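Numbers here are sequence positions counted from 1. Everything quoted here is computed from the prediction, not taken from an experiment. Values below: all heavy atoms of this structure, side chains included; hydrogens, waters and symmetry mates excluded.
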Amino acid sequence: MLSIGSVVLGVSDVPRAAAFWTQALGYVPREEMEDDWVVLVPAEGAGVQVSLGLSETPVQEHPRVHLDLYAGDAADQAAEVERLVSLGARRVDWDDYPDDADFVVLADPEGNRFCVIDTGRH
């Protein structure tokens with residue numbers, strides 16, 4: 001049986017992306033970072049690896065695949081969104097928000113879209 005080993009994001013600046021995602025997720029490089037590749041793992045405990053690979057592919061405005069980051073409730077979601085913005089993320093003017101969205105769309109410093117989800121509403 002297969003399992004997901006790592007989620008891979010294409011980036012144009014591996015050190016910049018690694019600086020953001022290590023702070024955003026509390027991750028650390030698994031091995032020494034290379035100019036074109038790094039695998040990030042949770043600093044404490046188990047979890048999904050996030051790999052960052054050098055890419056010349058342009059950022060997709062509406063990506064088919066993205067990360068969902070879970071927050072505990074609306075207050076936690078708002079605090080996490082502000083923390084991520086302070087680390088270099090930016091809010092995305094998303095044209096597909098439903099009326100009562102439980103998610104906020106952000107972009108990392110590389111432009112990769114991701115969502116912060118209020119899981120308290122489920």
4.5 Å side-chain heavy-atom contact, V81 and R91: yes
V8 backbone acceptor or donor facing S6 side chain under 3.5 Å: no
Cluster overlap L54 with M33, hydrophobic side-chain contacts below 4.5 Å: yes
Note, E80 side chain near V104 side chain (heavy atom, < 4.5 Å): no
Contact check, side chains of R121 and D100, non-hydrogen atoms, under 4.5 Å: yes
Side-chain heavy-atom pair L84, V116 within 4.5 angstrom cut-off: yes
Test item: E110 and V59 side chains (from C-beta on) under 4.5 Å apart, heavy atoms: no
Sub-4.5 Å side-chain heavy-atom contact between L69 and L106: no
CG (D35) with more than 12 external heavy atoms under 6.0 Å: no
More than 12 heavy atoms of other groups within 6.0 Å of Y70 OH: no
Check against side chain to side chain contact (heavy atoms under 4.5 Å, CB included), V41 and V28: CA-CA 6 Å; V41 296; V28 295; 4.0 Å; yes
Spacing of D108 atom CG and F114 atom CZ [to the nearest 0.5 Å]: 6.5 Å
4.5 Å side-chain heavy-atom contact, E34 and V14: no
Validation row: L67, W21 side chains within 4.5 angstrom (heavy atoms): yes
D96 atom CG, neighbour heavy-atom count above 12 within 6.0 Å: yes
Between CD on residue Q77 and CD1 on residue I117, distance to nearest 0.5 Å: 7.5 Å
